[in-house]
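To start, the structure under review is shown below, and the notes come after it.
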Amino acid sequence: MKFSLVHLSGCHRGETHYFDRTWLTLGADAKSDVPFPSDGRGPVAPLHAELYEERCELHVRNRATEALTLVNHQPINETVLHDNDLIQLGSQGPKLRIRIRPEEYAACKLVREIMQDAREIAAESDLGRVGRVGSFVAQLAYDLRTHASRTARFVIVTVFVGLCGVIGTLAYYTAVTQRAYERQQTILAKTLESARQQQVALEQATATERARVAEHLTAHEVEVRRLLALRNEQRTAGASPQEIQALTQRLQALETERTRAESLIKQYGPAVCMLYGTYGFLEHGAARDATPAVLSDYMGTGFLVEASGYLVTNRHLMEPWSMDKNNAEMIAAGLQPKLVTLFAHCPGQAAPFAVSVVRTSDQVDLAIGRLSPPPTAMPTIALARPSAPPTAGEPVMVLGYPTGIEGLLARMDDAGAVGLIQQARNDLGLLARLIAHEGRIWPLATQGHIADVVPNRILYDAQTTGGGSGSPVFDRRGALVAIHSATMTRFGAVSFGVPVERLRDLIADHESAPSSPSNS
């Protein structure tokens, strides 16, 4: 009968011995067939046990009077052994696993036996968890090299190489994913910092505008009271009718100036919409319908004009990444910008309109879009040519949404504003829809004077700020003269807009070549 002994512990730990004999002795005596020199863990008798074959069965007999022999943790005097039984010489002595081998497997271990032996040998070690793992791997490699068949070695090596390939692939994709995540985190950090700086600027500009408007109203009231008092004095003093008429005309001019904003807001306010959009960046080669992992939102203004109901605004609102240094760095790094959403919230409309890009200009900061679904019964702003070109010193009025949602909330009572903010839960898009549903979308008018007129640009000092981009600019007769583009806050808060002639050119180019690309 052929069998093997696998040493799980003791001085031969990790070894496997093969036998083809009918009788075998185990003990501390060097003359034993399997000698066990003392290892300090437990005494092994000089002749501790013997294995022998009888009637085609393998038996084990205890030969030590002063020590025990255990089979499967039970003390025995003599018993029949079966395949996979556990033999232990003494209660603390070495442990052995018996393998009774079929004839065809006499020279090799089965793969399942190699795995079991490596696991049990590692479990018997005094090392920690990490050490047991190392012991398992070392024993597995040893048995594969010395006791496994060629087929088993091939199968194990193939599986091992496959696992290494899977682990390597997972590690590679994990690293790629981590790099993409870190890049998106960098984008998010830059976006948050930019938003923080813009918020500070918006708060400062809003406070400045409020102070200027309050000062203007106070000065207007003082001037009206002064002129009224002067007229009464002159009437009492017997002034000429011409002098009285001159004072009356000055008072009428002041009243006209006071009511001009109210008249324009009433006439054109419903055509001026607040824009809310989101955009982000995709990795190079990403699917066209993919959504960026990090989204940035922004606000602006657009207005409807009579030519086919176009929505007019700035190019940098249709392409919000086009005027930001951080965005330029990300585009240079290979990221692809994508406009995800753009909605127009118009006065008197509870639901927003989706905005699609119709045409943008490469020469000036100007773009036209189209609302979906198409609006019905909504007013538009006329593109009629003004009776006279704008000149320096002429008064103008800007009608838009400076400071965006913050400006709308500032015009609400505190309880209503706080309630909407809590309901929106930090979702700026949802907050815009809630404000629209409450019927609170309405543009703000600011007034000033033209500072200069240059090619493709009109400069004026009418106060506005972030969110006011894309606002219509009117002259004192109510004619559209420019589309607000930007504010130079470091130069006395001077703003500039694109002359309305450039808008007429853009619409004419588009309508004359409807199949042309979206850029002009």
Side-chain angles (χ1 to χ4, degrees), residues 162 164-199 275-300 302 311 313-345 352-362 365-373 404 424-433 466-467 469-470 510 515-520:
C164 289
V166 170
I167 293 172
T169 302
L170 289 175
Y172 170 76
Y173 281 107
T174 299
V176 170
T177 303
Q178 181 65 24
R179 286 197 297 270
Y181 173 77
E182 291 174 354
R183 179 177 289 185
Q184 294 291 356
Q185 287 296 103
T186 301
I187 295 172
L188 179 60
K190 291 181 177 179
T191 301
L192 290 175
E193 177 60 22
S194 177
R196 187 191 66 78
Q197 295 175 355
Q198 290 178 1
Q199 181 65 25
L275 302 184
Y276 168 77
T278 61
Y279 71 100
F281 292 86
L282 296 171
E283 296 288 339
H284 181 71
R288 298 186 65 179
D289 58 350
T291 300
V294 179
L295 294 179
S296 302
D297 49 20
Y298 64 98
M299 310 291 296
L311 178 95
T313 187
N314 296 136
R315 184 184 67 190
H316 76 260
L317 293 176
M318 292 293 192
E319 299 174 354
W321 52 84
S322 61
M323 296 183 66
D324 189 294
K325 181 177 67 176
N326 293 331
N327 292 340
E329 293 175 356
M330 289 184 281
I331 294 173
L335 296 177
Q336 299 176 337
K338 180 179 181 179
L339 182 64
V340 179
T341 59
L342 182 58
F343 292 105
H345 294 273
F353 295 91
V355 180
S356 58
V357 180
V358 173
R359 198 171 185 87
T360 60
S361 172
D362 289 335
D365 187 16
L366 202 59
I368 53 177
R370 182 171 285 115
L371 301 187
S372 178
R425 297 175 181 266
N426 296 324
D427 186 336
L428 195 61
L430 175 57
L431 182 56
R433 292 195 296 273
S469 294
H510 173 69
S515 61
S516 63
S518 62
N519 285 341
S520 172

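Along the sequence shown, the residues carry numbers beginning at 1.
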- Message: Can you confirm whether Ser361 sits close enough to Arg315 that some side-chain heavy atom of one is under 4.5 Å from a side-chain heavy atom of the other?
- Response: no
- Message: Keeping Asp297 on the side-chain end and Thr278 on the backbone end, is there a donor-acceptor pair under 3.5 Å?
- Response: no
- Are Leu317 and Ser469 side-chain neighbours, meaning at least one heavy-atom pair lies under 4.5 Å? yes
- Note on the structure: In terms of heavy-atom contacts, Met299 and Tyr276 come closest through SD-CD1, 3.5 Å
- Is it true that a side-chain atom of Arg370 and a backbone atom of Ser356 form a donor plus acceptor pair closer than 3.5 Å? no
- Query: Is there side-chain contact between Tyr279 and Asn327, with at least one heavy-atom pair below 4.5 Å?
  - Reply: yes
- Item | Side-chain heavy atoms of Pro373 within contact of Phe353, under 4.5 Å | yes
- Taking the side chain as every heavy atom from C-beta outward, state whether Leu275 and Leu311 have any atom pair closer than 4.5 Å. yes
- Item | Gly334 versus His284, closest heavy-atom pair with distance | O-CB, 3.4 Å
- Does a side-chain heavy-atom distance below 4.5 Å link Val357 with Glu319? no
- Task: Looking only at non-hydrogen atoms, find the nearest pair between Val340 and Gly280 and report the distance.
- Result: CG2-N, 4.4 Å
- Message: Any non-hydrogen side-chain atom of Phe281 less than 4.5 Å from a side-chain atom of Ile331?
- Response: yes
- Task: Say whether, by atom type as modelled, one donor and one acceptor occur between the side chain of Asp365 and the main chain of Asn314 under 3.5 angstrom.
- Result: no
- Close side-chain approach of Leu335 and Leu282, heavy atoms under 4.5 Å: no
- Mind checking the CH2-CE spacing from Trp321 to Met330? Nearest 0.5 Å is all I need. 12.0 Å
- Query: Closest approach of Lys338 and Ala290, non-hydrogen atoms and distance?
  - Reply: NZ-O, 2.6 Å
- Task: Of all the heavy-atom pairs spanning Glu283 and Gln336, show the shortest one and how long it is.
- Result: O-OE1, 3.9 Å
- Query: Roughly how far apart are Thr169 OG1 and Ile167 CD1, rounded to 0.5 Å?
  - Reply: 10.0 Å
